Structures are given as structure tokens and as C-alpha cells.
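Some notes on the structure that comes next.
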Amino acid sequence: MRIKRSGLLVVFTLFLFLAFSMSNVFVQPVAADEVKLQSVKGNLKALANKSKTLSIAVAGKGTMVFKFNDQTALVNAKSTKEFLTEDAVGVDYKQVGADNVAVVITRVVAKLPAGVTAINTTELAALVAKGPDAGNYFLVDSRPAGKCSEGYIPTAVNIPVPVLEKQGEKVLPADKSKILIFYCGGVT
Amino acid sequence: MSPKSAGLAKKMGYQNVKVYAEGEPVWISSGHHTVSSPDFVHKNLKANTAVVIDLRAADAVKQGHIDGAVAVPLAKLEDRDDFPAYRGAAIVFYADKESDVASAVKTIRDWGYKNVTGLDGGLAKWKEKGYAIKSGDALPKIKYTRQYGPGEITIAEFVEAVQSGKAVVLDVRSKDEAAAGAVKKSINIPADDIAARYNELPKDKLIIVHCSTGVRAEMAYEILKEKGYNVKFLKADIEIGSDGKFEVSG
């Protein structure tokens, strides 16, 4: 009995093994691990935790849709719930069957030029509450005019990057010691 | 964009240059409000693609208000039931006090509206710009016409398509969600399966995609469009009963 039973087990295991390896051979010709990772960068269009999919707008490529799963690594974020629309993200992905599966999703963090410091929401809100005169600041929205006009931080002045490049100091305050704050639609 | 501008300013000799790297999206998600430019509001008010609300007291409104605005004193905001069904509608507030605008924005955002702002400079800047002021009564009812983005279908078109059966209705919710109630004759392919199963769909018919809010439907739309399908999607909240009856809002 004992031998018979283990014999059955061997046959069954062998069958499972065969079925499994055959499914790998015929259904998925390339094992997932052997697929080379591809990388894209873009701005997050949508992220659905219900279907574990996200879409990003990639310059020159249009919208790309990715699946993610519990194995997907996140960089600069603890959970996919932290991602906001328009966030700059990088996705390292592999093609599994018909799907693009995200292996790493990176939230791109701004690198500040030398001598430039960061200001956070609380600090900025305290300044905005005082106003530009009492707060001794000049707040600049660097986004294109169309996007900015829809909604900007109170007291901000819209100076798109090309305008600043062209006009320089003419569009900025004369007092060079004034707090000069730039912002846009998150990291881009 | 902002780090680049900050770098330029630093080179010009500014000594105290800062970057608010989180930017406008985090400013909003932290509970602060933004303001819209008078030009933007004027253009959209004329086209009925923005709702402008005057929060001041009735006598101030009578003396002069933005032509096209609806007067709703802050205390009465919660009583209004005629705000647009579409939660992406642009809603703009102005008042005497900026704190009134802030609390109105907060209230409306709690109802799920995503594009709620104040009017930059309020009535004073509006006048400065030379835009129309009207005395007497403000408009009694909120008027709003939704503008549809590429691939979006109107609620009316969606209802018509389901009733006529001329289009293929594709439900991209999960199997479980679809099992609890689905639109008559709809095909269920969960959003995460679309890339693998799109060839189950006919190429010679219009395909209309829906989910429960429009988020997953839009992603499926992107995939199908790329594969060459004639496809549209519903960007709205839809509730479907077990009998297949449905209600679309937004």
C-alpha cells in the first residue's frame, strides 16, 4: 500500500511537472525572468487600485497602460495611493504575454540647482497668509499660461519658463534679497 | 519647470531662491485652495463651462455682481441641489473675505468636485479687467454645459447605445462587480485582462466602455484605441442594479 501510494504520488507529481513545463513552453514561450526590462518616463494619467493598472502619458509615445502587482517595487512612495495625477513617474516594466507589467515604479523627485533651497506646503501657506508685502516674497508659477490660469496658488505671478529665459530680471522683483519662490505642477 | 526657473534666477543674482517642488497638486491635496484668473473665468462663464458663485450677502449682490454669477450666501451653500452632476466641472467662488472662499471650496470639494477655485482678486480685479458687472438680482439657477474630452461619450449617448443595441457595451469592472449587476447585453472583460483578451471584441462595431467611475474605462479605451478599435468610454459614475437597470451621474 505504502509503495503504491507513493508510486501514485510520483506519477501525479510527474504529471503536474509535465503539465506545468508544457504550459510554459507552449503558452508562454519566454519565461518572465528572461524578458529584458524596458523603461519609460512620463506623467501619471490615472491609477486604479481596483484593477491594479496605471496609465502614463509618455512624450512621443502617447498613453501607455501598465499592470502592477504586490511584487512591484515603489521608489519614493510607500503605497500606490500616494501617487497623484500628473506626477512624474518612471516605470521599469516587462512584457508578460499581452501585458506590460510594472516591476519598478519610481516617483521622480526634483533635484534642486546649487544654492536653491526647498520650501514645504506649511511654510508656503504661512507666507501666502501674510501676503507678498508682509511676507516679503515673490511667488512664481512656472507653468504655461493656459494651465496656470485655471488655478494657481493665491498671490502667484505666472512666468512660464520660456518667458523667464527671454525677459530675465525684467519680470522679477528689483530687490534681489526678496524671497523668490518657484513652483509648477509637481516634479516635471 | 520650477527647478529650471530657480536655477536661472540664482544665476541672475537672486540671493533667496526657493522651490516649492510639491507644486500645485500637493497644495490642493493639503486642503488649500487655488484661484483662477479673471480671463479664464470670463471665457468659461460665457460658454457655460464654469459655474461662478457670489458668496456675499444679498444687498451687496444687488449693488453689483459678476454678470452670469449665481448668488449663494455661504450659510446657504449646503442647501443647493443644482450644482452640476459632473464632478470635474469648474466651480469658482468669490466673496468679500478670502476665508469665506476657502470654506466654500472645502465644502464643495467634500461633495467630490475636483476643480473648485476662488476668483483671483475677486470683484475688484474683475472690474479692473473691464468685465461686465450687473446690478439687481443674480441668476437664480446654476447653468452648466459639460465639455467632453477625446473619446468621452455623453450620458445620453450611453443610454441610447444601451437601449438601441447598436454598439457593443464593454464592462471592464471585475468579474465580481459584473456578477452583482451588469448592463443588458454588455460584455465583461476586466480592465486588467483587456490587453490579453481584446480580440474577443468585434472590430466592425462601435465599442462603448464603462466601469464604475470612468477611470478603468479610460485605460481600457486607451488600449483598444491603440489596437485600432472604434471605441468610446463613459467618464461618469454608474450604478447598476442586479436587474440590469442603471443610473448614471456625473
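Residue numbering restarts at 1 for every chain, and letters A, B, ... go by the order of the sequence lines. Nothing here was measured: the structure is a model prediction, and the numbers come from that model. Note that these values count all heavy atoms, side chains included, but never hydrogens, waters or copies made by symmetry.
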Tell me, do S2(B) and R143(A) make a side-chain contact under 4.5 Å, heavy atoms counted? no

Greatest number of non-hydrogen atom pairs under 4.5 angstrom with chain B, of G62(A), S55(A), A98(A), falls to A98(A)

Tightest non-hydrogen contact, residues L172(A) and A9(B), listed as CD1-CB, 4.3 Å

Honestly, the part of K52(A) sitting under 4.5 Å from a heavy atom of chain B is neither

OG1 of T121(A) to NE2 of H32(B), rounded to nearest 0.5 Å, is 6.0 Å

query = If you count the non-hydrogen atoms of other residues, nucleotides and ligands that lie under 6.0 Å from NZ in K147(A), is the total more than 12?
reply = no

Among residues 44-52 of chain B, residues within the sub-4.5 Å heavy-atom range of chain A, in order of number, are none

Among G7(B), A6(B), G13(B), the residue with the most heavy-atom pairs under 4.5 Å to chain A is A6(B)

Bottom line for E226(B): the part with an atom under 4.5 Å from chain A's heavy atoms is neither

Honestly, the part of D39(B) sitting under 4.5 Å from a heavy atom of chain A is neither

Pair count under 4.5 Å, heavy atoms only, with chain B: among A46(A), A48(A), G168(A), S149(A), highest is S149(A)

The reported gap from OG in S51(A) to CZ in R216(B) (rounded to nearest 0.5 angstrom) is 5.5 Å

Per-residue tally against chain B (heavy atom, under 4.5 Å) across T85(A), N100(A), L54(A) peaks at L54(A)

So, the part of L139(A) with a heavy atom under 4.5 Å from chain B: the answer is neither

So, the part of V140(A) with a heavy atom under 4.5 Å from chain B: the answer is neither

**Message:** Could you check whether any side-chain heavy atom of M64(A) comes within less than 4.5 Å of a side-chain heavy atom of E222(B), counting everything from C-beta outward?
**Reply:** no

For a side chain to side chain contact (heavy atoms under 4.5 Å, CB included) check, start with the C-alpha distance between F182(A) and K18(B), then their side-chain angles and the critical distance, and finish with the verdict. CA-CA 6 Å; F182(A) 294 90; K18(B) 290 176 189 291; over 6 Å; no

Okay, A156(A) and chain B: the region with an atom under 4.5 Å from a heavy atom over there is neither

With chain B, the option among P113(A), G151(A), C148(A), P173(A) that has the most non-hydrogen atom pairs under 4.5 Å is G151(A)

Minimal heavy-atom distance between Y20(B) and N120(A), with the atoms involved, is CE1-C, 3.8 Å

Note: A114(A) and K10(B) closest approach over all heavy atoms is O-CG, 3.8 Å

Show the numbers, then the answer: is there a side chain to side chain contact (heavy atoms under 4.5 Å, CB included) between L47(A) and M219(B)? CA-CA 9 Å; L47(A) 190 148; M219(B) 286 196 250; 5.8 Å; no

(Q) Please check if the number of heavy atoms outside Q147(B) that lie under 6.0 Å from its CD is greater than 12. (A) no

Among P160(A), A118(A), G115(A), G146(A), the residue with the most heavy-atom pairs under 4.5 Å to chain B is G115(A)

**Prompt:** Does the pair V19(B) and I181(A) meet the rule for a side chain to side chain contact (heavy atoms under 4.5 Å, CB included), with working shown?
**Reply:** CA-CA 5 Å; V19(B) 167; I181(A) 308 159; over 6 Å; no

Output for pair (W27(B) CH2, Y152(A) OH), nearest 0.5 Å, gives 14.0 Å

When rounded to the nearest 0.5 Å, the distance separating CG of D99(A) from CG of D193(B) is 7.5 Å

Scanning both residues in full, the closest heavy-atom pair of F40(B) with E150(A) reads CE1-CG, 3.3 Å

Pair count under 4.5 Å, heavy atoms only, with chain A: among P38(B), G121(B), A195(B), A196(B), highest is A195(B)

Under 4.5 Å to a heavy atom of chain A? For S212(B) that would be side chain

Bottom line for V65(A): the part with an atom under 4.5 Å from chain B's heavy atoms is side chain

Applying a strict 4.5 Å limit to non-hydrogen atoms, the region of D175(A) in contact with chain B is backbone

Closest non-hydrogen contact found for C184(A) with P25(B) is O-CD, 4.3 Å

dist S30(B):OG -> L124(A):CG (nearest 0.5 Å) comes out at 10.0 Å

Turns out that what part of K178(A) lies under 4.5 Å from chain B's heavy atoms comes down to backbone

Given E123(A), K67(A), K45(A), the one with more heavy-atom pairs under 4.5 angstrom with chain B than any other is K67(A)

Whether the side chain of K4(B) engages the backbone of V161(A) through a donor-acceptor N/O pair (distance < 3.5 Å, no angle test) should be reported. no

All heavy atoms of S29(B) vs all of L84(A), minimum pair found to be OG-CD1, 4.3 Å

Can Y137(A) and N16(B) be said to form a side-chain hydrogen bond (donor to acceptor under 3.5 Å, both in side chains), step by step?
CA-CA 9 Å; Y137(A) 72 88; N16(B) 209 346; over 6 Å; no

Practice task
Could you check K50(A) against R173(B) for side chain to side chain contact (heavy atoms under 4.5 Å, CB included), going step by step and ending with a plain yes or no?
Solution key: CA-CA 9 Å; K50(A) 273 190 200 157; R173(B) 296 173 304 156; over 6 Å; no

Quick one: are H33(B) and P154(A) in side-chain contact, heavy atoms under 4.5 Å?
-> yes

The reported gap from CG in L180(A) to OG in S5(B) (rounded to nearest 0.5 angstrom) is 9.5 Å

The interface call for I153(A) against chain B, heavy-atom contacts under 4.5 Å, is both

